[in-house]
Amino acid sequence: MTRLRTAIPGPKSLELQARRKAAVASGVGSTLPVYVESADDGLLIDVDGNQLIDLGSGIAVTNVGNPAPAVAEAVHAQIDRFSHTCFMITPYEGYLEVCEELNALTPGDHEKRSVLFNSGAEAVENAVKIARHVTGRQAVVVFDHGYHGRTNLTMALTAKNMPYKHRFGPFAPEVYRVPASYPLHDGLTGVEAAQKAIAAIEKQVGADNTAAVVIEPIQGEGGFIAPAEGFLPAVAQWCRERGVLFVADEIQTGFCRTGSWFASDHEGVVPDLITTAKGIAGGLPLAAVTGRAEIMDAVHVGGLGGTYGGNPVACAAALGAIRTMRERDLNAAARRIEETVLSRLRAVAEKTGIIADIRGRGAMLAIEFTERTPEVAARVAKACHDQGVVVLTCGTYGNVIRLLPPLVIPDDLLAEGLDVLEAALLEGAPTA
Ligand SMILES: *Cc1c(COP(=O)(O)O)cnc(C)c1O
């Protein structure tokens with residue numbers, strides 16, 4: 001491959017890495033410490049002049065490209081007019097436009113309202129605030145393998161101890177965890193898995209105490225686990241019958257990532273509240289809670305907000321990103337990526353004994369290894385990184401490689417990245 005000029009990381013990246021050690025808290029990790037100078041959709045160009053193929057999109061953020069022209073233009077135009085007023089002090093139109101888009105694009109054609117924040121965790125925190133306020137109940141139900149962020153409440157909602165929670169307690173109270181649907185391992189139909197989860201809620205929490213069920217329609221950090229068909233509709237229906245709010249955390253799955261605007265759309269699930277972030281604004285920090293008007297408007301004036309929430313530059317970026325998703329039909333693009341990647345990876349899986357499952361939807365795809373330890377996934381990821389292909393791992397057992405290419409990645413670049421991944425998988429196999 002001619003894209004690499006040096007070993008990975010190269011000498012300049014190594015120099016920066018040494019400087020970093022003296023300046024940056026070591027609690028912040030980096031999957032691949034090459035220092036980026038510029039990007040070109042599916043490529044990251046580092047300080048040593050290496051071109052890396054990006055199959056991670058900065059964790060499902062740069063769905064529309066990096067930098068996306070419509071995002072860059074909108075950001076330039078806005079920053080030249082004004083950078084901040086605080087929407088809670090003197091408002092501006094961009095915030096409204098983003099909320100109008102969210103209300104129109106999210107599942108369900110009921111009347112909706114939105115409120116904007118800076119990060120995914122902040123959106124989830126606020127969804128819980130709203131749900132507790134409107135129901136007058138306290139308990140929040142989450143699932144095995146769930147991931148919802150790193151703030152105190154969202155750490156409590158997140159399943160995995162290491163690295164997210166270890167020695168960071170005590171955690172927020174009134175959070176209860178129940179089994180999720182994990183088709184590869186539980187052997188249950190969606191309805192059976194839902195019955196199991198619901199039974200646990202009824203026995204251990206009580207519907208009358210439960211404000212909300214918070215769920216990722218496809219679990220992200222926990223392993224790219226798509227629940228068996230029927231699971232989400234059954235949980236949503238139970239919520240509806242019991243006055244429990246169904247909160248879909250679509251922070252990773254949203255904005256065309258899974259081949260539709262939101263992953264809830266695939267089974268026609270209509271959440272009461274939906275949290276979004278990551279792919280929303282082409283890389284600028286923005287997040288939202290969108291939900292039924294009567295729920296969202298139940299909170300007193302001043303109860304929701306934040307200094308930077310819905311920053312005008314981030315709103316402009318979101319409008320540019322959403323326009324790009326529409327104009328370039330990125331839902332169709334995600335579905336094409338799914339076809340390409342799944343067929344190639346399934347062919348490789350037949351040739352090696354190390355792969356337990358190839359799965360996913362749209363451009364949110366994963367390889368789960370048979371071994372329930374991180375070693376094989378880490379080895380394969382490292383082999384890709386050495387060849388200049390950025391892939392991420394995930395999963396409760398760390399034994400999953402996840403692929404999140406930008407939805408605008410050119411076909412030949414995706415193919416080139418997959419060549420490297422395939423070779424790494426075949427090499428990682430004990431028997432060729
Ligand atoms: C990333 C993520 C979050 C947290 O978002 P941040 O912006 O990192 O706070 C919450 N939920 C899900 C499903 C995510 O993937």
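In each ligand, atom 1 is the first atom listed, and ligand 1 is the first ligand listed. If you read the sequence from its start, that first residue is 1, and numbering goes on from there.
Looking only at protein heavy atoms, the nearest one to atom 11 (N) of ligand 1 is Asp249 OD2, 2.7 Å. Of all protein heavy atoms, the one lying nearest to atom 4 (C) of ligand 1 is Ala121 N, 3.7 Å. Shortest contact from atom 6 (P) of ligand 1 to any protein heavy atom: Gly120 N, 3.4 Å.
Ligand 1 is never approached by Glu221 to a heavy-atom distance shorter than 4.0 Å.
Every atom of ligand 1 with a heavy atom of Glu216 under 4.0 Å away is listed here by number and element: 13 (C). Interface atoms of ligand 1 facing Ser119, defined by a heavy-atom separation under 4.0 Å, are 7 (O), 9 (O). Here is the list of ligand 1 atoms found below 4.0 Å of a heavy atom in Tyr147: 1 (C), 2 (C), 3 (C), 11 (N), 12 (C), 13 (C), 14 (C).
The residue among His148, Lys278, Gln219 with a heavy atom at the shortest distance from atom 14 (C) of ligand 1 is Lys278.
Centroid-to-centroid, the aromatic rings of Phe255 and Phe262 come within less than 6.0 Å.
Counting only heavy atoms from C-beta outward, the side chains of Arg257 and Leu407 approach each other to under 4.5 Å.
Ion pair Glu101/Arg326 flagged as a salt bridge, since at least one NZ, NE, NH1 or NH2 atom sits closer than 4.0 Å to an Asp/Glu carboxylate oxygen. Residues Glu202 and Arg242 are paired through a salt bridge, judged by an N-O separation under 4.0 Å between the basic side chain and the carboxylate. Using a 4.0 Å cut-off between charged nitrogen and carboxylate oxygen, Arg132 and Glu174 do not count as a salt-bridge pair. Between Glu338 and Arg361 there is no salt bridge, since none of the side-chain N atoms of the basic residue sits less than 4.0 Å from a carboxylate O of the acidic one.
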